[in-house]
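Position 1 is the first residue of the sequence, and the numbers go up from there. Computed from heavy atoms alone, side chains included, the values below leave out hydrogens, waters and symmetry copies.
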Amino acid sequence: MTDALTDNILVLVRHGESEWNRLNLFTGWRNPDLTEKGVIEARVAGRMIRDHRVKFDIGFTSSLKRAQRTLDIILSELHQTDLPIIRNEALNERDYGELSGLNKDEARKKWGEPQVQLWRRSYDIPPPGGESLKDTLARVQPYYDKAIWPQITQGKNVIITAHGNSLRALLMILEGLSGDEILQRELATGAPILYRLGADGRAIDRKDLLPARSLAAPPEDRII
């Protein structure tokens, strides 16, 4: 096993439930806020992190309010509201193109169940005008390498609040997963994942702070 780079920690959190999650809409780069349930999920995530006595040196999030607000709520629970935060669209959810804003059932009626499932569940087939998970990885990885990994190598504790598919891209990087393997992985809203990384950037330890929900999320809470 690779020796730990340092004792520092990287935490990933998918944003709490958004208004469009609740309405069963394809969201992508659209910008709905959290629901009341999403706010509660973010608070619980913050308390779980606090229970593990983690303090952060820097935070990263996307350009979308549901991820930004989730981070703000978590940091409030940690009493770290003055934490430096970097926001960048490289961490945005994958762009669903022409599916964005559509109810998932409406999309199935328009394009057919098999086609919509292919767009949702495949690694490298994008919806019309949108991105595949492979495309999302292509923008997440350079940003991670340039902006986030250097903070980790400096011994800082880092938190990232982002979206289902941008976080899946990060899981591919951290855990060395293939396109096929990542399709089997699911994340629930508001469920923190705590990593310690080796000198090669790969995870040497992972702890799901809410493992039951991570493994048993209902279909529309899943990140695909």
Side-chain angles (χ1 to χ4, degrees), residues 1-2 10-15 21 26-30 60-64 67 88-100 102 104 107-108 111-149 152 158 160-189 191-208 210-211 213-224:
M1 179 178 291
T2 306
L10 170 64
V11 172
L12 308 182
V13 187
R14 184 186 176 195
H15 64 79
N21 289 146
F26 286 102
T27 309
W29 283 43
R30 302 290 181 87
F60 290 87
T61 189
S62 74
S63 67
L64 302 171
N88 196 285
E89 67 179 21
L91 295 174
N92 282 11
E93 176 60 285
R94 75 166 165 131
D95 184 354
Y96 278 101
E98 293 181 23
L99 299 183
S100 299
L102 288 180
K104 295 183 172 98
R108 294 182 185 105
W111 282 287
E113 174 74 23
Q115 183 62 66
V116 172
Q117 283 297 99
L118 185 63
W119 289 329
R120 295 185 68 202
R121 305 302 187 197
S122 66
Y123 171 65
D124 57 3
I125 301 175
E131 296 177 304
S132 64
L133 177 56
K134 182 178 180 180
D135 296 328
T136 307
L137 176 63
R139 62 172 159 84
V140 170
Q141 180 141 25
Y143 182 72
Y144 176 82
D145 292 343
K146 179 180 179 180
I148 301 174
W149 174 242
I152 297 168
V158 176
I160 302 173
T161 62
H163 308 266
N165 286 288
S166 53
L167 290 177
R168 291 172 79 213
L170 287 171
L171 263 61
M172 292 182 72
I173 296 165
L174 299 174
E175 300 184 27
L177 302 176
S178 69
D180 289 336
E181 290 170 331
I182 194 60
L183 296 177
Q184 309 306 313
R185 299 294 290 274
E186 298 169 359
L187 294 173
T189 51
I193 305 171
L194 187 154
Y195 285 100
R196 295 183 189 274
L197 306 180
D200 61 357
R202 294 290 178 86
I204 59 173
D205 184 56
R206 166 182 168 149
K207 185 170 186 178
D208 291 87
L210 200 59
R213 284 189 56 211
S214 259
L215 295 175
E220 294 309 332
D221 278 349
R222 295 174 183 172
I223 58 180
I224 295 177

Side chain to side chain contact (heavy atoms under 4.5 Å, CB included) between Arg120 and Lys104, worked out: CA-CA 10 Å; Arg120 295 185 68 202; Lys104 295 183 172 98; 3.7 Å; yes

Pairing residues for Phe60 by the ring pair (Phe, Tyr, Trp, His ring centres under 6.0 Å) criterion, not counting sequence neighbours: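 Once residues adjacent in sequence are excluded, Phe60 has no partner under the ring pair (Phe, Tyr, Trp, His ring centres under 6.0 Å) criterion.
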
Those residues that, when tested against Trp29, pass ring pair (Phe, Tyr, Trp, His ring centres under 6.0 Å) (two or more places apart):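 Trp29 satisfies ring pair (Phe, Tyr, Trp, His ring centres under 6.0 Å) with no residue once adjacent residues are dropped.
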
side-chain hydrogen bond (donor to acceptor under 3.5 Å, both in side chains) partners of [X], counting only residues at least two apart:
X: Asp135; result: Ser132
X: Thr136; result: none
X: Ser100; result: none
X: Tyr195; result: Glu175, Arg206

Listed partners of Asn88 passing side-chain contact (heavy atoms from CB on, under 4.5 Å), at least two apart: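 Ala90, Tyr143.
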
Mind checking the [atom1]-[atom2] spacing from [X] to [Y]? Nearest 0.5 Å is all I need.
X: Ile182; Y: Leu170; atom1: CD1; atom2: CG; value: 9.5 Å
X: Arg14; Y: Arg168; atom1: CZ; atom2: CZ; value: 10.0 Å
X: Ile173; Y: Trp149; atom1: CD1; atom2: CH2; value: 11.5 Å
X: Leu12; Y: Leu187; atom1: CG; atom2: CG; value: 8.5 Å
X: Ile193; Y: Leu210; atom1: CD1; atom2: CG; value: 10.5 Å
X: Ser166; Y: Glu131; atom1: OG; atom2: CD; value: 10.0 Å

Is any side-chain heavy atom of [X] less than 4.5 Å from a side-chain heavy atom of [Y]?
X: Pro128; Y: Trp119; value: yes
X: Glu89; Y: Arg139; value: no
X: Val158; Y: Ile160; value: yes
X: Leu64; Y: His15; value: no
X: Tyr123; Y: Leu137; value: yes
X: Asp124; Y: Leu133; value: no
X: Ile152; Y: Leu10; value: yes

Asp205 (side chain) donor-acceptor with Leu197 (main chain) under 3.5 angstrom: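 Looks like no, no N/O pair under 3.5 Å.
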
Audit row: His163, Ser62, side chain to side chain donor-acceptor pair (under 3.5 Å) steps and yes/no: CA-CA 8 Å; His163 308 266; Ser62 74; 2.8 Å; yes

Test: Glu93 and Arg30 ion pair at under 4.0 Å: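 Judged by the 4.0 Å cut-off on N to carboxylate O distance, Glu93 and Arg30 do not form a salt bridge.
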
Qualifying residues under salt bridge (Lys or Arg N to Asp or Glu O under 4.0 Å), relative to Glu113, sequence neighbours excluded: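 Glu113 satisfies salt bridge (Lys or Arg N to Asp or Glu O under 4.0 Å) with Arg108 only.
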
Give the minimum heavy-atom separation between [X] and [Y], together with the two atoms involved.
X: Asn21; Y: Thr189; value: OD1-CG2, 4.4 Å
X: Ala107; Y: Leu102; value: CB-CD1, 4.4 Å
X: Arg94; Y: Pro127; value: NH1-CD, 3.6 Å
X: Gly201; Y: Leu174; value: O-CD2, 4.0 Å

